[in-house]
Amino acid sequence: MPGRHVSQVRALYKLILQLHRVLPPDLKALGDQYVKDEFRRHKAVGSDEAQRFLQEWEMYAAVLWQQTNENRQNSPEKACFGISLAEEKLNDFRDEQIGQLQELMREATKPNRQFSIPESTKPKF
């Protein structure tokens, strides 16, 4: 990812994987694999796309950190992770990204999951 120092990218990658440690096992496995695939896929993108990519992952890490702290106060059954995507954001996605999102949603909503996905369509900000 040109334009961003490699050590900063690695630090963000490691932070996200550390944050995933508090997730339920199946959600952690899904998240870890997705992060690894996405960072690998974006190794050689242009600087503008790399900057957007890293900004989104930094926001993801911040939201996950906040939710982790909030969930520590609740019982494990009530733990909730994730946010709804705003329609404006979805409109900016390329077809490939929509496909990846649909695949991720299918995987995350398989029966017998050990985590909950909020049904609300409102962002939690």
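Only a predicted model underlies this, so the values are computations on that prediction, with no experimental measurement involved.
- Note that CD1 of Ile98 and CE of Met105 are 11.0 Å apart. Values are rounded to the nearest 0.5 Å.
- Atom-to-atom distance recorded for Leu90:CG and Leu101:CG is 6.5 Å, nearest 0.5 angstrom.
- Of all heavy-atom pairs between His42 and Val45, the closest is O-CG2, 3.4 Å.
- For Phe39 and Trp57, the gap between ring centers is short of 6.0 Å.
- Taking all atoms of both residues into account, the shortest heavy-atom contact from Glu38 to Phe53 is O-CZ, 3.7 Å.
- In terms of the side chain to side chain donor-acceptor pair (under 3.5 Å) criterion, Gln97 has no residue partners (sequence neighbours excluded).
- Considering CG of Leu12 and CD of Gln8, their distance stands at 9.5 Å, rounded to 0.5 Å.
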Residues Leu23, Leu64; criterion side-chain contact (heavy atoms from CB on, under 4.5 Å); working and verdict: CA-CA 10 Å; Leu23 298 174; Leu64 186 54; 4.0 Å; yes
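- Connection of Leu19 to Val22 is not established within any shared hydrophobic cluster, with ILVMFWY side chains joined at heavy-atom distances below 4.5 Å, either directly or through further cluster members.
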Check against salt bridge (charged side-chain N to carboxylate O under 4.0 Å, His left out), Lys36 and Asp32: CA-CA 6 Å; Lys36 290 173 186 177; Asp32 285 355; 5.3 Å; no
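- Few gaps surround CG on Asn69; more than 12 heavy atoms of other groups in view lie less than 6.0 Å from it.
- Residues in residues 47-56 take part in these salt bridge (charged side-chain N to carboxylate O under 4.0 Å, His left out) pairs, two or more places apart or across chains: Glu49-Arg94, Glu56-Lys89.
- With values rounded to the nearest 0.5 angstrom, Tyr34 atom OH is found 10.0 Å from Tyr60 atom OH.
- Note: Gln51 CD to Gln55 CD = 5.0 Å, rounded to the nearest 0.5 Å.
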